[in-house]
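Given the structure is predicted, the values throughout are model-derived calculations rather than measurements. Order of the sequence lines sets the chain letters (A, B, ...), proteins ahead of strands, with each chain counted from 1.
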Amino acid sequence: MTLRLTNTLTRRTEEFRPLEPGKVSIYCCGVTVYDLCHLGHARSYIAWDVLRRYLIWSGYAVTFVQNYTDIDDKILRRAAEENSSMEAVSERNIEAFMADMARLNILPADRMPRATQSLEAIRALIGELEARGAAYSADGDVYFAVLKHAGYGKLSGRDLAEQQQNADGRVTDAEEARKQHPFDFALWKGAKPGEPSFPSPWGAGRPGWHIECSAMVRAELGDTIDIHLGGADLIFPHHENEIAQSEAATGRELARYWLHNGMVNVGGQKMSKSLGNFTTIRALLDSGVSPMTLRLFVLQAHYRKPLDFTAEALEAAATGWKGLNAALGLAEAIGAASGDDPHPRDAAGLSPELVAARQRFAAAMDDDLNTSAALAVLFELVKPLRSLANRLERGDAAAAEAASSPLLASQGRLLLELAGVLGLQPEAAPVAGTTHSNGPCDQTIQDRIEARQTAKASRDFATADHIRAELQAQGIELIDKPGGLTEWRRV
RNA sequence: GGCGGCAUGGCCAAGUGGUAAGGCAGAGGAUUGCAAAUCCUUUACCCCCAGUUCGAAUCUGGGUGCCGCCUCCA
């Protein structure tokens, strides 16, 4: 079985065949760095991270390029608000982006070009388009002429003639008046007084949004790439325009597969800055939601479908992750004890059942990255491991023996392998006995626990329960373990 | 108005012709002084109507509801 992906360009789910066998070139539309990333970005980049990891796991050599849009009106506005510079705003948000992605265990792209560092390629591309008659300048701006490009609208399914009719009733401002067609878009914008600008044959100014991607794709990966990624909200006009620019200039197909992820919704509506219904990645993670919980939450739904963000669904993911994490932790422990490769990459040494599970996982992923079905395979592997973990905790002698069984070890190995493909990595549980700035100190807690042990020993359960309630109120949870031991942790 | 997508149990979500994966929550049981955790068992005929078929959640047609894009947006 081979990987099948839903291609926006053909509106079909088709078999993935890279241009060059064994190699895949990917371009992922990155962020405009005027602010922190929100959950919409998280969803998108987690999905594409999984695509990338799966391709690598499948044996492909993947080159993954993701850009930073660091020239933009919104960045300028933000800089003006802060009485700072475009560079400063960009720099700060790029750092925040990298930190957020790292927390979510999203692999950094192989190369991350920036618009400000790609001006030469951008100017060259505009020049080519002009030479080919696909662009025209007007009052210091340069526009792409959509009517000159046969095939404009092929990605988003738009018909220019029809759209022109629909646009007739639209308000025409000064810029609209300069355009030959309402869909024409700026390749180069002439600088307004006081704005940062860059020199060009058309005068000082800055590149339009769409052209930077066309230029960076070409500079980094060539005329035709295998896969182009982005959110569904980029299909039109951004990706449509990218295709028009690139293909008008090179005469070659820009990307063979266009993949788009569905939006994150809040209360049935798209999460967006303008609606003000967004949650930033760092706000969510800082509120105590673990990165892997967010990752599991995202991967439980198919990447192309809308994903409704609710506290309840997130809670469910958190509980689900807790169980999965426990199994991963045990699998790691068993693996370490047996001296196994902690990052297995093949099916060697697996029982027929486990080989079948591995195949079910691959089949699910091959089916347009059906992570939901793939996770079901993971949870099947989780069950026996969790069961064993529990028996070990109870000091079950038979369990200790089972823990050293090769079958269980290979089961754990497989679980770690497959979880790794989804970018799910074990997280350390909250450490018992950690000293904290607020709440009672460790010694006090120990004393209370001992007092409770004494009460329990004399079957004075009223006192014992009282002590537990008391500590609970201070944010300390007590858990009685077999053998009379009591553990505690801050909640 | 144009283009695209979605509608599956209390919640989330797979399944795209042969009698409904998985997670969460719930219920019953086991264990526990209690609690937590854990383990076992258990809960759906798939928005509506019509049609195709031996057989449809799955295909066709018609409804209804919801969402995205058409302006910056992952």
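- Between the side chain of Asp480(A) and the base of C34(B), at least one donor-acceptor pair of N or O atoms lies under 3.5 Å.
- Taking CZ of Phe16(A) as the start and CG of Leu3(A) as the end, the distance is 7.0 Å to the nearest 0.5 Å.
- Look at Lys154(A) and Glu247(A) and you find a salt bridge, because one of the NZ, NE, NH1 or NH2 atoms lies within 4.0 Å of a carboxylate O, short of that distance.
- Here A21(B) presents its C1' atom at 13 Å from CD of Gln300(A), a figure rounded to the nearest Å.
- Straight-line distance from the CD1 atom of Ile467(A) to the P atom of G33(B): 17 Å, rounded to whole Å.
- With a 3.5 Å ceiling on both atom-pair distances, the Watson-Crick or G-U wobble partner of G68(B) is C3(B).
- Distances were taken from every side-chain heavy atom of Asn370(A) (C-beta onward) to each of A74(B), A14(B), A35(B); the shortest belongs to A14(B).
- Regarding contacts with the backbone of G68(B), every side-chain N or O of Lys305(A) stays at 4.0 angstrom or more from both OP1 and OP2.
- Leu307(A) places its CG atom 17 Å from the P atom of C67(B), with the value rounded to the nearest Å.
- Comparing the same atom, P, in C67(B) and in C12(B) gives a spacing of 15 Å after rounding to whole Å.
- Side-chain atoms of Ile479(A) lie closest to A35(B) of the nucleotides C69(B), A35(B), A21(B).
- Side chain of Glu477(A), nearest nucleotide from A14(B), A36(B), C69(B): A36(B).
- Aromatic ring centres of His210(A) and His239(A) lie farther apart than the 6.0 Å criterion allows.
- The nearest heavy atom of RNA chain B to Thr319(A) and to Arg304(A) marks one nucleotide each, and the one closer to the 5' end goes with Arg304(A).
- A distance of about 34 Å separates the P atoms of G22(B) and G33(B), rounded to the whole Å.
- For the atom pair SG of Cys213(A) and CD of Glu220(A), the computed distance is 11.5 Å after rounding to the nearest 0.5 Å.
- At a threshold of 4.0 angstrom between heavy atoms, the contacts of Gly30(A) are confined to the sugar-phosphate backbone, with no base atom among them.
- Both tests hold for Lys273(A) against Tyr34(A): distance to the six-membered ring centre under 6.0 Å, angle to the ring axis within 45°.
- The residue Val264(A) sits close to a base: some heavy atom pair falls under 4.0 Å.
- Judged by distance alone with a 3.5 Å cut-off, no donor-acceptor contact links the side chain of Arg386(A) to the base of C39(B).
- Rounded to whole Å, atom P of A74(B) lies 14 Å from atom CG of Asp100(A).
- The pairing partner recorded for A56(B) is none, the criterion being a Watson-Crick or G-U wobble arrangement whose two distances lie under 3.5 angstrom.
- Counting atom types as modelled, Asp465(A) pairs a side-chain N or O with a base atom of G33(B) as donor and acceptor under 3.5 Å.
- Here A74(B) is the nucleotide among G22(B), A14(B), A74(B) with the atom lying nearest to any side-chain atom of His38(A).
- At a cut-off of 3.5 angstrom, counting only N and O atoms as typed in the model, there is a donor on one side and an acceptor on the other between the side-chain of Arg468(A) and the base of A35(B).
- Distance from the side chain of Thr32(A) is smallest to A74(B) among U71(B), A14(B), A74(B).
- Rounded to whole Å, the P atom of A27(B) lies 14 Å from the corresponding atom of A35(B).
- Across all strands shown, G29(B) is found opposite C39(B) as a Watson-Crick or G-U wobble partner, with both distances under 3.5 Å.
- Between Glu242(A) atom CD and A74(B) atom P the separation is 13 Å, expressed in whole Å.
- Separating the C1' atom of U58(B) from that of U52(B) is a span of 14 Å, rounded to the nearest Å.
- Atom CG of Leu314(A) and atom C1' of C12(B) are 11 Å apart (whole Å).
- Residue ring and base: Phe461(A) counts as stacked with G33(B) (centre distance below 5.5 Å, interplanar angle below 30°).
- Taking atom CG of Leu294(A) as the reference point, atom P of A74(B) lies 17 Å away to the nearest angstrom.
- When heavy atoms are screened at a 4.0 angstrom cut-off, His260(A) is found touching no nucleic acid atom at all.
- Figure legend: Arg158(A) and Phe236(A) shown as a cation-pi pair, the cationic atom lying under 6.0 angstrom from the six-membered ring centre and within 45 degrees of its axis.
- Distances from the side chain of Arg158(A) to the nucleotides C34(B), A74(B), C69(B) place C69(B) closest.
- With respect to the salt-bridge test (charged N to carboxylate O, under 4.0 angstrom), the residues Arg78(A) and Glu81(A) qualify.
- Looking at heavy-atom distances under 4.0 Å, Ala301(A) makes contact with sugar-phosphate atoms alone, never a base.
- When rounded to the nearest whole Å, the span between NE2 of His210(A) and P of C70(B) equals 11 Å.
- To the nearest whole angstrom, the two C1' atoms, one in C49(B) and one in C39(B), are 47 Å apart.
- The pairing partner recorded for U19(B) is none, the criterion being a Watson-Crick or G-U wobble arrangement whose two distances lie under 3.5 angstrom.
- Side-chain rings of Phe64(A) and Tyr27(A) stay apart, their centers remaining 6.0 Å or farther from each other.
- Only the P atoms considered, A14(B) is 8 Å distant from A7(B), to the nearest whole Å.
- Ile235(A) comes within contact range of no nucleotide atom at all, as no heavy-atom separation falls under 4.0 Å.
- Looking at heavy-atom distances under 4.0 Å, Gly40(A) makes contact with a base.
- Nearest-nucleotide positions on RNA chain B for Tyr34(A) and Leu275(A) put Leu275(A) closer to the 5' end.
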Salt bridge (charged side-chain N to carboxylate O under 4.0 Å, His left out) between Asp49(A) and Arg295(A): does it pass, once the steps are laid out?
CA-CA 11 Å; Asp49(A) 182 59; Arg295(A) 206 170 170 108; 2.5 Å; yes
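- The separation of G26(B) from G15(B), taken at their C1' atoms, amounts to 24 Å, rounded to a whole angstrom.
- Using a 4.0 Å heavy-atom cutoff across all strands shown, Arg452(A) reaches at least one base atom of the nucleic acid.
- When distances run from any side-chain atom of Met263(A) to the nucleotides G23(B), G33(B), G68(B), the shortest one goes to G68(B).
- When heavy atoms are screened at a 4.0 angstrom cut-off, Lys270(A) is found touching base atoms of the nucleic acid.
- Remark: C47(B) base-pairs with G63(B); criterion is Watson-Crick or G-U wobble with both hydrogen-bond distances under 3.5 Å.
- The Glu312(A) side chain lies nearest to C11(B) when the options are A74(B), C11(B), A35(B).
- For the C1' atom pair drawn from U8(B) and C70(B), the interatomic distance equals 31 Å after rounding to whole Å.
- Distances from the side chain of Tyr45(A) to the nucleotides A21(B), A74(B), G33(B) place A74(B) closest.
- For His228(A) and Tyr257(A), the gap between ring centers reaches or exceeds 6.0 Å.
- The Phe379(A) side chain lies nearest to G22(B) when the options are C70(B), G22(B), A14(B).
- Pairing partner, G9(B): none, since no Watson-Crick or wobble contact has both distances short of 3.5 Å.
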